[in-house]
Amino acid sequence: MRRSAAPSQLHGNSSKKAKFIPPGRTNLSLNEEITVLNGDTKLEQGSQGDPRVCSSNLLPTEGSPRTFWAMIRVPPLPDSHSPREIKESKGKEEELESLVKYFSVVWSKASKKKHKKWEGDAILIVKGRSFILKDLEGKDIGKGIGYKFKELEKVEEGQTLMIGGKEIEIMGIISSEDFNSGRCFQFGGGSPAVPSSSQTARKCFFEPFKSVCKPNAKENVRDDFQKYKPRHDPYTPNSLVMPRPDKNHQWMFNKNCFPLVDVVVDPHVVYHLRPHQKEGIIFLYECVMGMRMNGRYGAILADEMGLGKTLQCISLIWTLQCQGPYGGKPVIKKTLIVTPGSLVNNWRKEFKKWLGSERIKIFTVDQDHKVEEFTKYTFYSVLIISYEMLLRSLDQIKIIKFDLLICDEGHRLKNSAIKTTTALFSLSCEKRIILTGTPIQNDLQEFFALIDFVNPGVLGSLSSYRKIYEEPIIMSREPSASKEEKELGERRAVELTRLTGLFILRRTQEVINKYLPPKIENVLFCRPGTLQIELYKKLLNSQAVRFCLQGSLENSPHLICIGALKKLCNHPCLLFNSIKGKEGSSTCDGNEEKSLYEGLLNVFPADYNPHVFPEKESGKLQVLSQLLAVIHELRPTEKVVLVSNYTQTLNILQDVCKRYGYAYARLDGQTPISQRQQIVDGFNSKYSSDFIFLLSSKAGGVGLNLIGGSHLILYDIDWNPATDIQAMSRVWRDGQKHAVHIYRLLTTGTIEEKIYQRQISKQALSGAVVDLTQTSEHIQFSVEELKNLFTLHENSHCVTHDLLDCECTGEKDHTDDSLEKDAISRRCQLGLYQQKSDSLKPLSMSQLKKWKHFSGDHLNLTDPFLERIRENVSFFFQNITNQATCT
Ligand SMILES: Nc1ncnc2c1ncn2[C@@H]1O[C@H](COP(=O)(O)OP(=O)(O)OP(=O)(O)O)[C@@H](O)[C@H]1O
Ligand SMILES: [Mg+2]
C-alpha cells in the first residue's frame with residue numbers, strides 16, 4: 001500500500017507548490033534526507049527511541065526501496081566553545097528564541113512499515129527551540145521543546161523530518177499574516193465568489209448577455225432574446241436590477257445554456273424602498289444565489305430594529321419567485337417563514353401592505369389552518385408558521401420542498417442544542433436567511449451556531465472554530481494576555497469578521513433617522529412614597545439581606561431580596577400580596593422569603609387593602625398617573641404604550657386605566673397568539689379609541705409595530721438593556737407620524753437606580769453581553785456589588801447624577817459639552833467587533849452626562865409634560881434625537 005495523499009494533496013492545496021513525495025517511495029534522490037530532530041524528548045508523542053542509533057547501517061543499498069529510517073542526518077554533537085564565542089552565540093540565541101516560523105506540512109505516525117499513509121495536513125510552528133504541530137482544526141497534535149537552533153533553522157520546504165514521534169514533510173512556508181489570521185487552517189469554508197459590487201446592480205446591461213454557453217444557431221439566439229425578456233424594464237430610472245452572475249456561476253448553474261435575463265425588482269415595490277433596503281435586497285440576492293461565496297447560500301440580515309427587514313425579505317421572495325437570471329426562470333417556488341407566534345400575522349399584513357392580495361398567495365398556520373392545507377392547494381407559495389407550530393408540524397413540513405427558509409428573530413437559533421434549531425437544521429433547504437435585530441456578536445459560540453445554521457460548515461466544526469477563533473480571541477482579551485496573544489486574537493477576529501462579513505449585514509438606526517420624527521427620551525427619578533421608604537429600610541435590615549452580605553453567595557437568597565425590592569419600587573401592594581402569599585408556605589425558598597418578610601406586615605397600616613393601592617404610596621405610580629393625565633389633556637389624539645415586565649404590575653396599571661376611564665388594550669404572555677395582531681392593529685388604527693396599550697415587553701414585545709402610540713412609558717427597569725431597547729423601538733419606527741416621547745421611570749435612591757447605572761456603565765464599558773436572554777439569574781454579583789444594591793440613598797436627588805462627577809446643582813438645564821462629541825460615522829456595521837451603533841446600545845456614563853439634566857426644583861421647565869409632573873420627580877435627564885425634523 002502506498003501512502004495516500006493528505007487532504008491538501010487531494011484538493012490541490014495552493015500552499016503546496018513543490019514536491020509531494022511520500023516517504024517510502026523509491027524515487028527520492030539520494031541527497032534528499034529525512035532529518036530526525038533530537039529535542040529534549042519532552043514530546044507529547046513519544047519519539048522512536050534514539051534516532052542516532054539508526055544511522056548508516058540502515059542506509060539502503062542503491063536501487064533498493066528506501067525505508068523510513070533511510071538517510072538520516074545526525075545532528076552534530078555540541079562542540080566546546082571559548083567564552084567569547086559563548087557570549088556571541090548567546091546573543092544570537094536570544095534573537096533566535098523569539099523567531100517564529102510557520103510551515104504547512106503533511107504528517108504520518110512514525111513507522112517502519114514499507115508503505116505508509118500520510119495521515120493529514122498540519123501546521124508546523126517553529127519558535128526558538130520548540131515546535132508545535134497543529135492539525136487543521138487547530139488542535140495540537142505534537143509538541144517538543146529544547147531543540148538546537150541549528151536543527152530548527154534548517155527546516156525548509158520539501159524537507160522530511162521526524163519530530164514528536166511523527167514524520168512530517170514540509171510542504172510550504174506560511175506567512176505569519178496567514179497564520180495569524182487563521183487563513184492557513186483550511187476547512188469547509190467556501191472561497192468568496194468573485195465579488196460582485198453593488199454598483200453593478202444599478203447598471204443595466206446594454207447588450208444582450210453573452211452566455212458561457214454558445215447556442216447553436218444565430219436564429220435561436222434572436223428567438224431566445226425575444227422570448228426571454230426581463231419581467232420589468234431594467235432601463236427605467238430608479239429601476240433596481242440585481243447583479244449579473246459571473247462566468248463561474250453561469251458555469252455551475254446554467255447547465256442548460258439559457259440566455260441571461262435581467263432580474264429586476266418590481267417597480268411597484270421599489271417605489272417604497274429606502275436606499276438601505278435596496279442595498280439589503282441586493283445583498284440577500286447575492287447571498288442566496290451563491291454569488292458571494294461559492295457553494296454557500298445563507299445570509300444573516302441583522303439590521304437594527306425597525307429598519308424594515310420584513311419588507312426586504314418580501315421584495316426578495318417576490319423577485320425570486322417570478323424571476324431568475326437564467327432564461328428568466330424563477331429561482332424559488334416555495335418559501336417557509338418561521339417567526340415568533342406574535343408576528344405570524346404581522347408578516348401576512350406586511351405582504352399585503354407591500355404586494356396587495358393578488359400577487360402572492362400566503363398561508364399562515366394556526367389552530368384552524370393546518371400545514372396539510374398548504375400542501376393541498378398548489379397556489380400557495382409562502383408558508384408562515386410560528387416556531388412552536390413548526391415543532392408540532394415538523395413531519396408535514398419536511399415533506400414539502402422549500403427553496404427558501406427565513407427565520408425571523410432568528411437569534412433564538414443561537415443555541416444549537418435546542419429543539420427548534422435541530423428541527424430547522426433538519427430541513428433540506430439550502431437558501432437560509434436569519435433575521436435579527438438583536439446584536440449577535442457578543443458570544444462567540446452563539447455566533448458560531450447562527451453562522452453554521454445559515455452556511456453549514458463554513459467555519460469548520462465547532463471544535464476547530466473554538467481552537468482557531470474562539471480561544472485565541474478570548475485569550476487576547478484577558479488582562480493577562482501577552483502582546484503576542486493579543487495580536488493573534490485581534491488578527492483572528494479580523495479574519496472571522498472578514499469571512500462572516502460576506503454574508504452578514506447589519507445597518508444601524510441612523511440610516512432611517514432622517515425618515516423618523518424626533519424622539520425625546522426622558523429618565524424620571526421619582527421620589528419614593530413614605531410607606532415605600534419605611535418598607536425599603538425594613539427589608540434592608542432583614543435577616544435575609546444581612547445573610548447575603550456575609551459573603552457566602554452559594555445559597556444566598558439575593559435574587560429573592562432583589563425581587564422584593566423591585567416589587568416594592570413598583571408599588572407596596574405588590575409586596576403585601578407576596579407576603580400574604582407566603583404566609584402558609586414551608587418550602588426552603590419559602591423560608592428564606594419568610595425571613596425576608598419578617599415584621600414587614602406591621603409596617604403596613606392595619607387595614608391595608610392591596611386592591612385599593614393609593615397612588616401616593618408609590619412614587620412612580622404617582623408620576624405615572626400625572627403623566628397620563630397631562631398627555632391626555634395636551635395631546636388628546638395621541639396614544640401611550642405602557643410597558644412593564646411583570647404581569648402583576650400590569651394588573652395595577654390596568655386598574656389605573658379603569659380608575660381614570662382610559663380606554664386600553666393589553667398584550668402579555670397570556671394573550672393568545674391568534675389574537676395578538678388583531679390587538680396591535682386595533683391600537684394602531686386611527687379609528688381606535690384606545691388611549692393606552694399595556695405591554696409586557698418580555699412576553700411579546702419583540703418585533704411588534706406599535707406606531708399608533710407616540711408616548712412610551714417604561715414603568716420598570718430590566719437588568720438587561722436589550723429588553724428596554726426592544727420596547728422603546730416599538731414606537732419610534734418607520735411610519736410613526738408624531739414626535740415620540742419616551743419616559744423611563746426610576747425610584748430615586750433605590751435599587752432601580754443601581755440597575756440603571758449597571759445598564760449604562762458596567763455593561764457599556766465591559767461590552768458585556770447585550771442579549772435578550774440575559775436575566776438577573778445570569779448575573780454574578782460580588783459582595784461589594786450586593787452591598788451597593790442593598791443601600792438606600794434617602795437624601796439624594798439622583799444618585800446617578802452624583803456619580804457623574806458633574807459640577808452642576810441641577811437648578812438649571814445643564815449639558816456637559818466638555819467631552820468631545822463622537823464623530824464616528826456609523827452608517828453601516830458589518831460583522832464582528834466593528835464600531836457599535838450608539839443608537840440602540842446602552843448609554844455610557846459619559847454620554848449620559850451630555851444629556852440635558854436638571855432637578856425637579858428647576859424653575860423654568862419648558863417642557864409642558866415635565867412641568868406637570870415635577871412635584872414628584874427629583875431629577876430629570878432628557879435627550880432629543882432628530883430635533884431638526886421637529887414639526
Ligand atoms: N420603506 C418603508 N417605508 C415605509 N414604512 C416602512 C418601510 N420599510 C418598513 N416600513 C415599516 O416599518 C416598520 C418596521 O418594519 P419591520 O417590522 O420590518 O422592522 P424590523 O427590521 O423587522 O424590526 P424588528 O427587528 O423590530 O423586527 C413596519 O411598520 C414597516 O411596514
Ligand atoms: Mg422584524
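First listed ligand is number 1; within each ligand, the first listed atom is number 1.
Of the protein's non-hydrogen atoms, the one nearest atom 25 (O) of ligand 1 is Lys309 NZ, 2.8 Å. Nearest protein neighbour of atom 7 (C) of ligand 1, counting heavy atoms only, is Asp734 OD2, 3.4 Å. Remark: minimum distance from atom 18 (O) of ligand 1 to any protein heavy atom is reached at Thr310 OG1, 2.5 Å. Annotation: atom 23 (O) of ligand 1 to nearest protein heavy atom, Gly306 N, 2.7 Å.
Neither side chain, Glu350 nor Thr310, offers a donor N or O lying under 3.5 Å from an acceptor on the other.
At least one heavy atom of Leu307 lies less than 4.0 angstrom from ligand 1.
Between Ser239 and Asp233 there is no side-chain heavy-atom pair separated by less than 4.5 Å. Side-chain atoms of Ile707 and Arg733, non-hydrogen and from C-beta on, do get closer than 4.5 Å to each other. Residues Met289 and Pro325 meet the side-chain proximity criterion, which asks for heavy atoms closer than 4.5 Å.
Inclusion of Gln277 in the set of residues having an N or O under 3.5 Å from an N or O of ligand 1 is warranted. Checked by distance only, ligand 1 and Leu273 stay at 3.5 Å or farther apart across all their nitrogen or oxygen atoms. Considering backbone and side-chain N/O atoms, Gly308 comes within less than 3.5 Å of an N/O atom of ligand 1.
Not one N or O on the side chain of Gln677 forms a donor-acceptor pair closer than 3.5 Å with the backbone of Val344.
Counting heavy atoms closer than 4.0 Å to ligand 1, residue Asn705 contributes side-chain atoms (C-beta onward) but none from N, CA, C or O. The side chain of Trp354, and not its backbone, has at least one atom closer than 4.0 Å to an atom of ligand 1 (non-hydrogen atoms only; side chain from C-beta on). Only the side chain of Arg730 comes within 4.0 Å of ligand 1, counting heavy atoms alone; its backbone N, CA, C and O stay farther away. Counting heavy atoms under 4.0 Å from ligand 1, residue Glu350 touches it through the side chain alone.
Ligand-side atoms of ligand 1 in range of Lys353: 29 (O), 30 (C), 31 (O), range being under 4.0 angstrom from any heavy atom. Heavy-atom proximity to Glu409, at under 4.0 Å, picks out these atoms of ligand 1: 27 (O). The distance from ligand 1 to the heavy atoms of Leu311 drops below 4.0 Å at these ligand atoms: 1 (N), 7 (C), 8 (N).
Every residue meeting the side chain to side chain contact (heavy atoms under 4.5 Å, CB included) condition with Thr335, not counting sequence neighbours, appears here in chain and number order: Ile317, Ile332, Ile337, Val382, Leu404, Ile406. With sequence neighbours excluded, the residues that form a side chain to side chain contact (heavy atoms under 4.5 Å, CB included) with Glu638 are Arg635, Ser710, His711, His738.
Below 30°, between 30° and 60°, or above 60°: for His741 and Tyr743 the angle between ring planes is below 30°, a parallel geometry. Ring planes of Phe374 and Phe363: tilted class, angle from 30 to 60°.
By the 6.0 Å and 45° rule, Arg432 stacks over the aromatic ring of Phe425.
With atom 14 (C) of ligand 1 as the reference point, the heavy atom nearest to it among Gln736, Arg733, Glu304, His272 is part of Arg733.
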